[in-house]
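Okay, so here's the structure we're looking at.
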Amino acid sequence: MAMRQGALRGPSDYSQEPTRHPSLRINAKEPFNAEATRRDLVVSYITPVDLFLKRNHGPIPILHDIESYYVTVAGLIERPAKLSLNDIKKLPKYNVTATLQVDLGVLCAGNRRTEMSKSRKVRGVGWDVCALGNATWGGAKLSDVLQLIGVPYHTEITPSGGKHVEFTSVDQCPEEKGGPYKASIPLGHATNPAADVLVAYEMNGEVLKRDHGYPLRVVVPGVIGARSVKWLDRIDIIEEECQGFFMQKDYKMFPPSVDWDNIVWSTRKPQMDYPVQSAICSLEDTNAIIPGEVTVTGYALSGGGRGIERVDISTDGGKTWFGAVRYQKEGVPYVAGDISSDKWAWVLFKTVIDVKGDTEVIVKAVDSSANVQPESVETIWNLRGILNTCWHRVRLLTIHNLRSLL
């Protein structure tokens, strides 16, 4: 795709990458993909920008002149337009706290892929449990942007037949043969103000960093991060869903019986919503523990704006369970579905267990629609390793038993 002179462009190499936090766990260097350590991830409800998941498919785009930057809004509409950053900023500003998983140019769906690979080999970047982050995004609602160019709220189809909204980036992806990353959502979702889809220019009260989509990105709360396109170049109203690689040949949920020899991509719809999930972040399998009280903390979340009704902990292999304390904002009791809670964001949890010997700690979450995590990875294994939402387990070895092994 030809880049506008002086505007946002995707470099052809990695020589101008931004500086990253030294504590990040790097899963790939070129393109750069990294996540926070477990302990760093849950230190605060709002993830610091430097520790927020980094998910990329190519070199990070560079903006040389903000004055010449604009987003083209076109397609099956009556009034196509070119909107500058200032045009977007003139619209009402909203702050939306939302969790994105594996920030792909997009929340990706590959969180806990490494764990799934232990069952059967999968393809993709080897993410641990920290391939996500929770941020407060600031910007204009996409529904207001579309209304500005003549598409009313709650429109399912335009007079010209448009039923989907496609977002196109400027980055250069090998999967798109050097072309840009792109994804789409249904028009009815995009034009619903209550869906809180943003054209964002801020993250945690600051201007977006290059790693996270500067100068403009899309944030689609409650949906896998692969649809929250960064470095926004175009918004197009189209008849059918986006035909890009990451909509048609990736991020689809296949059963365990499908492998790379018999896969037919067209038999599955692109993944949008994501299931309930949770993970322990204060402990790892490598931890040696002194017998006594041990604090267990982590996160739980569910897609589609569903809250977290319970976080259950077991230390006896799942025979018995007890509840952990759930929380979001300090000093505000968390109630799933309550107006005081952030419906698009994760819930942190905390409990204390009494460790007497070697122990396996298990966590599972239940969302406000009574969805619960599956027990084992075998039942949800898929060849791309996405949406590993089985019970999360951490095995602890006590110090006196560790010494007996030395």
Side-chain angles (χ1 to χ4, degrees), residues 3-10 18 46-49 52 60-75 77-98 100 103 105-106 133-153 155 165-171 180-183 185 187 189-221 223 225 227-237 342 344-345:
M3 294 295 103
R4 297 188 294 273
Q5 182 67 31
L8 188 64
R9 66 176 180 84
I46 299 296
T47 309
V49 174
F52 202 95
I60 305 301
I62 299 171
L63 180 65
H64 290 287
D65 179 14
I66 190 63
E67 297 302 322
S68 63
Y69 169 76
Y70 56 83
V71 173
T72 300
V73 186
I77 52 176
E78 301 297 322
R79 303 196 327 245
K82 294 180 179 179
L83 302 178
S84 67
L85 179 59
N86 284 334
D87 292 330
I88 300 295
K89 287 185 173 182
K90 288 176 183 177
L91 294 169
K93 180 187 175 186
Y94 292 87
N95 290 311
V96 176
T97 300
L100 295 188
D103 191 357
V106 277
N134 189 52
T136 297
W137 309 93
K141 287 192 177 183
L142 178 61
S143 56
D144 288 342
V145 174
L146 295 177
Q147 188 177 59
L148 184 68
I149 51 94
V151 183
Y153 292 159
T155 297
V165 181
E166 181 181 71
F167 313 114
T168 303
S169 178
V170 301
D171 59 344
Y181 189 99
K182 56 179 66 176
I185 62 174
L187 180 61
H189 189 168
T191 57
N192 180 4
D196 289 332
V197 181
L198 293 183
V199 177
Y201 45 81
E202 288 183 1
M203 180 180 183
N204 294 350
E206 301 178 351
V207 174
L208 284 171
K209 304 293 187 184
R210 282 178 59 206
D211 261 329
H212 299 289
Y214 176 79
L216 285 175
R217 68 168 297 159
V218 178
V219 175
V220 187
V223 168
R227 314 308 173 212
S228 291
V229 175
K230 299 187 285 189
W231 311 299
L232 191 59
D233 182 45
R234 296 185 61 91
I235 299 173
D236 286 286
I237 313 303
D342 294 325
W344 307 117

Do I235 and V218 pass the side-chain contact (heavy atoms from CB on, under 4.5 Å) test, and can you show the C-alpha distance, the side-chain angles, and the key distance before you say yes or no?
CA-CA 10 Å; I235 299 173; V218 178; 5.6 Å; no

State, with a plain yes or no, whether a side-chain heavy atom of [X] is found less than 4.5 Å away from one of [Y].
| X | Y | answer |
| --- | --- | --- |
| I62 | R210 | yes |
| R217 | S228 | yes |
| L8 | D233 | no |
| I185 | F167 | yes |
| F52 | M203 | yes |
| H64 | R9 | yes |
| L187 | L146 | yes |
| H189 | V223 | yes |

List the atom of [X], the atom of [Y], and the distance in Å for their closest heavy-atom pair.
| X | Y | answer |
| --- | --- | --- |
| V96 | P221 | CG1-CG, 4.2 Å |
| T97 | W344 | O-CB, 3.6 Å |
| A140 | V145 | CB-CG2, 4.3 Å |
| H212 | L208 | O-CD2, 3.7 Å |
| L232 | V71 | O-CG2, 3.8 Å |
| L63 | P215 | CD2-CG, 3.9 Å |

State which residues pass salt bridge (Lys or Arg N to Asp or Glu O under 4.0 Å) with E202; sequence neighbours excluded, sorted by chain then number.
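So E202 forms a salt bridge (Lys or Arg N to Asp or Glu O under 4.0 Å) with K93.
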
Check V199, V220, V219, D196 against L142 for a side chain to side chain contact (heavy atoms under 4.5 Å, CB included) and give me the one that passes.
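Single side chain to side chain contact (heavy atoms under 4.5 Å, CB included) partner of L142 among V199, V220, V219, D196: V199.
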
Nearest-0.5 Å distance, [atom1] of residue [X] to [atom2] of residue [Y]:
| X | Y | atom1 | atom2 | result |
| --- | --- | --- | --- | --- |
| I77 | I149 | CD1 | CD1 | 3.5 Å |
| I66 | L85 | CD1 | CG | 4.5 Å |
| T155 | Q147 | OG1 | CD | 9.0 Å |
| Y70 | L83 | OH | CG | 11.5 Å |
| L216 | K89 | CG | NZ | 8.5 Å |

Check for a donor-acceptor pair, side chain of [X] on one end and backbone N or O of [Y] on the other, with a separation under 3.5 Å.
| X | Y | answer |
| --- | --- | --- |
| S169 | K230 | yes |
| R227 | A183 | no |
| D171 | W231 | no |
| N204 | T136 | yes |

